[in-house]
Amino acid sequence: MTSPTQHPHTPAPDEPIGYDPALVERTWREKWAQRASNQPDIAGCARPYYALMMFPYPSAEGLHVGNLFAFTGNDIFARFQRLIGHTVFEPIGFDAFGIHSENYALKVGAHPMELIPKNIANFTRQLTRAGLMVDWSRTVDTTHPSYYKWTQWVFLQLFKRGLAYRKKAAVNWCPSCKTVLSNEQVEGGHCERCTTLVEQRAMEQWFFRITDYAPRLLANLDTLDWSASTKAAQRNWIGRSDGAEIRFRILNPLEDAGSAAVHATSEVASGISEVTVFTTRPDTIFGATYLVLAPEHPLLDLITSADQQAAVDAYRTRSAHQDIVTRKTNKEKTGAFTGAYATNPATGGLIPVCTADYVLMEYGTGAIMAVPGHDERDFAFAAKFELPIERVVAGPDQTARTPLTEAFTDDAGAVLCNSERFDGFPVDEAKAAIAAWLEEKHAGKAVVNYRLHDWCISRQRYWGPPIPIIYCDDCGPVAVPEKDLPVVLPNIADFTPDDSGVSPLARHEEWYRVPCPSCGKKARRETDVSDTFLDSGWYFLRYPSVGHDDVPFDATITKKWLPVNSYIGGNEHAVLHLLYSRFLTMVMYDAGHVHFEEPFTTFRAHGLIIRDGAKMSKSKGNVVNPDEYIEEWGADTFRTYLMFLGPFEEGGDFRDAGISGVKRFLDRVWASVRDASATDEPDQAVMRKLHQTIKKVGDDVPVLAYNTAIAAMMEYVNVLRSGERKPRRAEVEPLVQLMAPFAPHIAEELWQMLGHDISVFDSGWPAFDAARLAGGTVKIAVQVNGKTRGMVVVAEGADESTVYAAALADAGIAKFVTGEPTKRVFVAGRLLSLVL
RNA sequence: GCCGGGGUGGCGAAACUGGUUAGACGCGAGGGACUUAAAAUCCCUUGGCCGAAAGGCCAUCUGGGUUCGACUCCCAGCCCCGGCACCA
């Protein structure tokens, strides 16, 4: 293989060979490819290790430094696992469906089916250049029919089990762009592109019943070895709250004629007799002074009185027009009175029923009992609409009559008041006591609620896998038979969303007109596509089985390789991607398709690489392209440098100051190996440092402390070469193995230079000899009255009196010891503390 | 507001479960060697203040506390980053 000349000069025959990263890296890329070095024996290996990293979205701009930081961190971990004897599978793929790709394609006027392969080719080039130990024979492209065939299969598994259902739900709608917008595309209530006011539109959409799995998704977290922050985010998102559902009787004015405030209307007489609310504060029921129903609450029309109907209608129209984001961020309270009243089951008093958009239909029962005295939102609403505010909880320095100028919510040491027989109960006790009391009266019961919502998977867009359902007038929604999968996404020229609000596929009759698979009558396909999170929710199951095209994942292989041993990715996916993956895995487990409930045994979130204080993004113009760095410094230097920047799990600001230090380190290692003496005996002090370094690197890499592992190797090289000494072969050989995960190309080259003909990655990990870690002596710090006054050098294992004697023998220390110590603290091998 | 993670030299950062005179490693800076010169390489110095030196004092966001001993633990507060947020 000839290479273009990249040297300014041709080295003289006797000049020592210098380190040429471009040459070394090209050589080893080629050798790895020829030898299929990165393709594990999936079926036959004895110690499989599945090192997964989150697959990227292949953007048109190519890989950026943030991606490479994450992938390198995973690669080091994976290569280390290989060195300690595992057969490691490190796959990668491309998450290429979705609104990102689609919008980009629309913007540049190209078709995603043309753009995506180009982007993937570019990513593949960059990832290969970075020296990742990726098995390129088993990649996944979510937009390829051979993959999304099985994404559709996954949908059908849920459909079959009753976990996929249709319901009307609101989407953001831009009346000017005439398209559905994701929440991220709405900025302050306006379309991010044309600034038109965004509205809500209700559409029939497919949902997955992830809420059925909420208790399991929450409970299993305790068994997972995951970054604490990720688990916390999941717990938060699932949002368990313990409370009670309480039934409030709605006053029927015909029956209860005579109640002064109520006007009889026929509507209220229509048989509706109660509204159920959810509360986490049943203890405050004596302070519930009104009820609020969400504007979408189904009972709202039935209880609204004739004279309030117009006001309620107007309010409901108004909130329907507001986009979802603004509605949830606008804290200014709005609402309308329904004209109806309810009976507070605790006090027996009549309280008004209102509607307001600060109550959300999708949480709890869509209705609340308002306790303005002890809830900030209710307080704000009551103050604005002049509703009564009662105190029913008093803090340690308050009484039942202390005025409320704001909601009092501090439960610490607080007790109930104005609550009849429950007066004086501490809040916690009162919650249970009142819940039990209401249950006795058949007015309520304790319940657990989750904040988690069902997963809406419908997208009224083009660039995704068609949802494999056929609608028949007689049979209803029918699953596409598995033998007919995939439902291929047609290559249509005009995939622009239009004012119909449905997917562009709905404009293609030739595509969606099909016979019903069940009865054969004329029917039509679902024209929505599915969410990208469905594509990425199961990809880890596919990787080891790539090539087995008759099944989504082969049973034997899956048994061998899954669950994933380690998963590394960004915390931006802490919630959705990881939660959906766990959910789908549980469903697969329940359906008997896999033998485990949790897909990722260990998960570590890497830090975020930012630039100038902001996350890298093209719009901010702060994206760093790794190509130029790799070009200039080589992949090994750049990889090592990225990891040397700081703790992997913390990330940080990218800057290139200091990259030369890492290159210098590799140069020094190169020279050390090249010049190592094969005949001279290794130096004992150097060997001690070597064994300390082996221990340090071996301890640090498994916990992703890459920065300190690199520092330890640098320190060793400083010792190795100090005083311009000539290293010995036994001193450098293990170093090559230590550095291999970080700088794989140069490590292979040096390993070969040392005369080995197998890959350094098949050479094992050097063992350290505990006996060689320490020398014969230790340095002990001596403190006098808490200040360190000096060090004494004593034999290892020296006892207190020996050290004490040595300390007094040291003039620098002894001058501070002006009397007999009243106390001596001795920590063997570390310090002696004298108190006078 | 709630939940995570952080605040240590000019800069990125080290410091094991409270214990070897805090700042390893690297960048930058200063000085030196080699060179006609430069680059590269190698060597030395580099937290601050006082001092000629010996040496001393101060120093890990701030203020308290526990301890023989605190970057590390406790209490109170300030600031930065990330996520969630009218979830009843």
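First the proteins, then the strands, lettered A, B, ... as listed; each starts at 1.
- Contacts of Asp242(A) classified as side chain to side chain donor-acceptor pair (under 3.5 Å), with partners at least two apart in sequence or in another chain: Arg240(A).
- Residue Ser241(A) is classed as a sugar-phosphate contact, given heavy-atom separations below 4.0 Å to backbone atoms only.
- The neighbour count for Glu572(A) CD, taken as heavy atoms of other residues, nucleotides or ligands under 6.0 Å away, is above 12.
- Using atom P as the reference point in both C27(B) and C34(B), the two lie 23 Å apart (nearest Å).
- As a whole-Å value, the separation of Trp237(A) CH2 from G4(B) P is 18 Å.
- Taking atom P in both G51(B) and A70(B), the straight-line distance is 29 Å, to the nearest Å.
- As rounded to the nearest Å, C50(B) and G1(B) have P atoms that lie 43 Å from one another.
- Distance noted for atom C1' between U46(B) and A24(B): 15 Å (whole Å).
- Rounding to whole angstrom units, CG of residue Asn785(A) and P of U67(B) are separated by 15 Å.
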Step-by-step side chain to side chain donor-acceptor pair (under 3.5 Å) determination, Asp454(A) to Thr211(A): CA-CA 6 Å; Asp454(A) 276 343; Thr211(A) 50; 2.6 Å; yes

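- Of the candidate nucleotides G83(B), G6(B), G19(B), G83(B) has the atom lying nearest to any side-chain atom of Asn236(A).
- The distance between atom CH2 of Trp670(A) and atom P of U41(B), rounded to the nearest whole Å, is 16 Å.
- At a threshold of 4.0 angstrom between heavy atoms, the contacts of Gly239(A) with the nucleic acid are absent.
- Pairing for G18(B) is absent, judged as Watson-Crick or G-U wobble with the two contacts each under 3.5 Å.
- For Pro345(A) against Ile246(A), the heavy-atom pair with the smallest separation is CG-CG2, 4.0 Å.
- Other residues, nucleotides and ligands contribute more than 12 heavy atoms inside 6.0 Å of the NZ atom of Lys384(A).
- Of the P atoms belonging to C74(B) and U17(B), the separation is 15 Å, rounded to the nearest Å.
- Distance, Trp226(A) CH2 to G83(B) P: 18 Å, rounded to whole Å.
- As a whole-Å value, the separation of Met361(A) CE from A88(B) P is 16 Å.
- The nearest whole Å value for the distance from the CD atom in Glu649(A) to the P atom in A13(B) is 15 Å.
- Distance from the side chain of Pro647(A) is smallest to A13(B) among C86(B), A88(B), A13(B).
- Looking at Arg830(A), its side chain comes within 3.5 Å of the base of C16(B) through a donor and an acceptor atom.
- In this structure A76(B) sits in a base pair with U62(B), meeting the Watson-Crick or G-U test at under 3.5 Å.
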Heavy-atom protein contacts under 4.0 Å, nucleotides 22-30 of chain B, coded B base, S sugar-phosphate only, - none: --BBSS---

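- The nucleotide whose nearest atom lies closest to any side-chain atom of Leu831(A) is, among G19(B), C86(B), C68(B), G19(B).
- Comparing G31(B) with G77(B), their P atoms sit 50 Å apart, to the nearest whole Å.
- Residue Leu645(A) is in sugar-phosphate contact alone, with no base atom involved, counting any heavy-atom pair closer than 4.0 Å across all strands shown.
- Contact detail for Ala807(A) and Leu832(A): the closest heavy-atom pair is CB-CD2, 4.5 Å.
- A39(B) makes up no base pair with any nucleotide shown, lacking Watson-Crick or G-U wobble contacts both under 3.5 Å.
- Residue contacts shown for Phe816(A) are limited to sugar-phosphate atoms, with no base heavy atom under 4.0 Å away.
- Nearest to the side chain of Val825(A), among A88(B), C68(B), C86(B), sits C68(B).
- Projected onto RNA chain B by closest heavy-atom contact, Gln783(A) and Val359(A) fall at different nucleotides, the more 5' of which corresponds to Gln783(A).
- Of the P atoms belonging to C78(B) and U41(B), the separation is 49 Å, rounded to the nearest Å.
- Pairing for C2(B) is with G83(B), a Watson-Crick or G-U wobble pair whose two hydrogen-bonding atom distances lie under 3.5 Å.
- Across every strand in view, U46(B) sits in a pair with G28(B) that passes the Watson-Crick or G-U test at under 3.5 angstrom.
- Ring pair Phe533(A)/His573(A) is perpendicular by interplanar angle, where above 60° counts as perpendicular and below 30° as parallel.
- Rounded to whole Å, the distance from CD1 on Ile813(A) to P on C68(B) is 21 Å.
- Residues Asp378(A) and Arg281(A) are not paired through a salt bridge, judged by the lack of any N-O separation under 4.0 Å between the basic side chain and the carboxylate.
- Taking the O4'-C1'-N9-C4 or O4'-C1'-N1-C2 dihedral as appropriate, G30(B) has a value more than 90° from 0 and is therefore anti.
- Of all nucleotides present, none satisfies the Watson-Crick or G-U wobble test against A53(B) with each distance under 3.5 Å.
- What separates CZ of Arg240(A) from C1' of C3(B) is a distance of 18 Å, to the nearest Å.
- Comparing the P positions of A29(B) and G69(B) gives an interatomic distance of 43 Å, to the nearest angstrom.
- In terms of position on RNA chain B, the residue among Gly651(A) and Lys815(A) whose nearest nucleotide sits closer to the 5' end is Gly651(A).
- The number of heavy atoms from other shown groups lying within 6.0 Å of NZ (Lys445(A)) does not exceed 12.
- Here Asp667(A) does not pair with Arg674(A) in a salt bridge; the nearest charged N to carboxylate O distance is not below 4.0 Å.
- At C58(B), one or more side-chain N or O atoms of Lys787(A) fall inside 4.0 Å of OP1 or OP2 (strictly under the cut-off).
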